[in-house]
Amino acid sequence: MPNLLEVRDLSKRFTSAGGPFRKARSMHAVNGVSFDLPERRVIGIVGESGCGKSTLARLILRLIEPSGGAVTFDGDDLLAKSPAQMRKLRARMQMVFQDPYSAIDPRYTLIRAVAEPFEVQGVTPEKPMAEEVAELLEMVGLNPGLATSYPHQISGGQKQRVGIARALALRPSLLVLDEPTASLDVSVQAQIIGLLEDLRAELGLTYLFISHDLSLVKYFCDEILVMYLGRAVEALPDTAAPARHPYTRTLMESTFEPDPKKRRLIAPLEGEVPSPFDLPPGCAFADRCPNASGLCRTETPALSTETGHAVACHHPI
Amino acid sequence: MLSVRDLGVAFGMVQPLSGVSFSVGKGETLGIVGESGSGKSLTAMSVMGLLPLSGGRITGGTVEFDGQDLTKLPERAYRKLRGGRIGLITQNPMTSLDPLKKIGPQVDDVAKLHLGLDAAAARARTEEILGTLRIPEPALICDRYPHQMSGGMKQRIVIAMALTADPDVLIADEPTTALDVTVQAQIIRLLDDLVKDRDLALVLITHDMSVVAQTCDKVVVMYAGRAVEHGPVEAIFDHPRHPYTQALIGCIPRGLVEAKRLTGIEGTVPTVVNYPDGCPFHPRCPRAQAVCATEPPAFSVAGDSAAACHFAEVAHAEPA
Ligand SMILES: Nc1ncnc2c1ncn2[C@@H]1O[C@H](COP(=O)(O)OP(=O)(O)OP(=O)(O)O)[C@@H](O)[C@H]1O
Ligand SMILES: Nc1ncnc2c1ncn2[C@@H]1O[C@H](COP(=O)(O)OP(=O)(O)OP(=O)(O)O)[C@@H](O)[C@H]1O
Ligand code: SF4
Ligand code: SF4
Ligand SMILES: [Mg+2]
Ligand SMILES: [Mg+2]
């Protein structure tokens, strides 16, 4: 399959304004991230809170402007597009957010929420709007009768389905899913994941799936990108691949199996996640890494792609 | 050590909790697991005698600790027990920490109150406890304010406070839910060690079945304010007998172990104002019969485990 998405050396620096008592500080929320996403594949972006997953998603959709790097979507260089061209392209790349409550306006009925993308894009659907919305609601497993309900009348899982219906309205090819189930109960999470699997098969969608839950990512995705403090530290080509980066191994060993016969021995982990501001030189994981050497504290390891299983580490496992 | 029988809780006219029973012994970890709103925190608050604070009351059942029924304990006596022989850890460490006070004095206060120690002895106890929890440089930490520490470190301090008076029972209500997985694993390891080394009885409340599988000896599964199944952890995972427990296990992604499709459960968890009559799970249960909508099921016991289901035996016969 050809690549639907190519991300090269993408970076985002945030600067906090200085004040009379503080000096201005800056941090790399996303730091030189590169990967390819072939059509119809599902890539999982995994990492702990604050490692830059959501920022990466926003950069890819160009909802925020990068500090450097390039994004190619279906052969188009996104950063070269004008705002008008970008708006048109965005119909084909949509995002579903973690919080189903923030994504839809509480004042409007669901029919309006689902029809909104058509209005924003100035697209007239082929069928009458009511019919189009009913079809979209059905596609995500909602009773079309709900179209006249208000958001407060439906559950969190139903709201997340509405979020997905909206994202699907303009028939995108790429869905960026930013922790779409993180605020839901597991019984509802399982419904939503099942729905996403069905939609992918039916519509031939490509997903970029963000989560901090490695078990869920292993279950749902074809390949996995592991992030730590803004950097992609490892790209697992498939979900069975063993960890080569010490951080990925720590992450795997910290993820429990839902089976009392498979208890883990939890190795003590020294140190804490360093502050993302003013990171010291070298590998950001060095203070917590059992393999760290002198080299690790002076030189930042680059992501080496020689073997098809990319890892950014001086002493991979 | 701690034994809860048929506990019921009401707020005015609503009854969000009923028929909850479990027991936990020294050196044992009991897991209470359930989805949001199933009554896990209310159970913890009942045991801690904290319901009156939020306007709730115990309507039935007993909470037996070391031979006495805590539901009849006057508040004065309860105050000695809380933070003394029974410790509590909550999800948000800042509910237990004073943001304006340095860590050292906060932990010292527990030793002064419950162990009657003077300032110097209390500080020695604080540093000892922080050391046992493998908190680096206790003396330095004592001089910090909560906002100068990470979430995981704050949670460790809360655990230290709960352990200062050397409790017999520790109730941990989602102690790791707000934390990153690598930090969660460290806290879980810490709690496990404490149960083994100090013969502590631990009640671990969580919505995460994987955490239960990793740490617990026994499990209570809650749904809509009721305990629906309880038993040894292996039984709950290998032969769940209640349809809800079975369905819940079918919802957990197992990564590669079994790449089989997650089943999910139709519908949503009911809220306290619309708890169904009869069996609380009947609107979502694939096995429900007419009787389930009217008659609350009693516990059907098999070996060490029990399931509140009219058709629990049938459920067991079918492959989970
Ligand atoms: N608009 C912004 N201004 C300044 N800093 C920001 C901004 N957005 C994000 N950050 C910082 O960038 C870093 C990465 O944030 P991001 O939200 O991408 O992380 P994340 O991996 O999505 O985390 P989570 O799992 O908590 O959602 C964090 O340190 C965050 O505080
Ligand atoms: N002060 C209160 N007044 C009335 N109802 C309450 C009160 N506190 C809790 N409840 C209700 O009791 C039920 C159980 O709540 P509880 O907080 O014990 O759930 P939980 O299992 O801890 O959920 P979560 O996983 O979300 O923490 C809920 O339906 C809740 O709305
Ligand atoms: S580069 Fe060094 S410190 Fe970083 S993960 Fe690899 S071995 Fe550890
Ligand atoms: S009592 Fe009936 S509705 Fe309840 S779990 Fe058993 S079979 Fe299902
Ligand atoms: Mg995020
Ligand atoms: Mg709770």
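These values consider heavy atoms only, across backbone and side chains, with no hydrogens, waters or symmetry-generated copies. Proteins get letters first, then strands, A, B, ... in listed order; numbering begins at 1 in each.
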Heavy-atom distance under 4.5 Å to chain A: side chain of [X], backbone, both or neither?
X      : result
B:V269 : side chain
B:T215 : backbone
B:V211 : both

For the residue pair A:F220 and A:Y207, categorise the inter-ring angle as parallel (less than 30°), tilted (30 to 60°) or perpendicular (more than 60°).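 The arrangement is parallel - the two ring planes meet at less than 30°.
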
Measure distances from A:S155 to the heavy atoms of chain B and classify the residue's part below 4.5 Å as side chain, backbone, both or neither.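 For A:S155, the contact with chain B is made by the side chain alone.
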
Proximal component of A:Q158, with respect to chain B [non-hydrogen, under 4.5 Å]: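 It is neither, since no heavy atom gets under 4.5 Å.
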
Heavy atoms only, distances under 4.5 angstrom: which of [options] has the most pairs with chain A? Name it, please.
options                        : result
B:A185, B:G264, B:A213         : B:A213
B:I249, B:D208, B:I188         : B:I188
B:C216, B:S150, B:C251, B:G267 : B:C251
B:L179, B:I265, B:I236, B:D180 : B:D180

Where the side chain of A:R244 meets the backbone of A:V311, is there a donor-acceptor pair that is under 3.5 Å apart?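 No, because the side chain of A:R244 does not come within donor-acceptor range (under 3.5 Å) of the backbone of A:V311.
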
Lys/Arg N to Asp/Glu carboxylate O, [X] vs [Y], below 4.0 Å:
X      : Y      : result
B:D238 : A:K261 : yes
A:R297 : A:D287 : yes
A:E223 : A:R41  : yes
B:K102 : B:D143 : yes
A:R200 : A:D222 : yes

Do the side chains of B:Q214 and A:I266 get nearer than 4.5 Å, heavy atoms only?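 They are in contact (side-chain heavy atoms under 4.5 Å apart), so the answer is yes.
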
Counting heavy-atom pairs under 4.5 Å to chain B, which of [options] comes out on top?
options                        : result
A:C221, A:S187, A:G141         : A:S187
A:A267, A:A190, A:G156         : A:A190
A:D198, A:D213, A:L265, A:L251 : A:D198

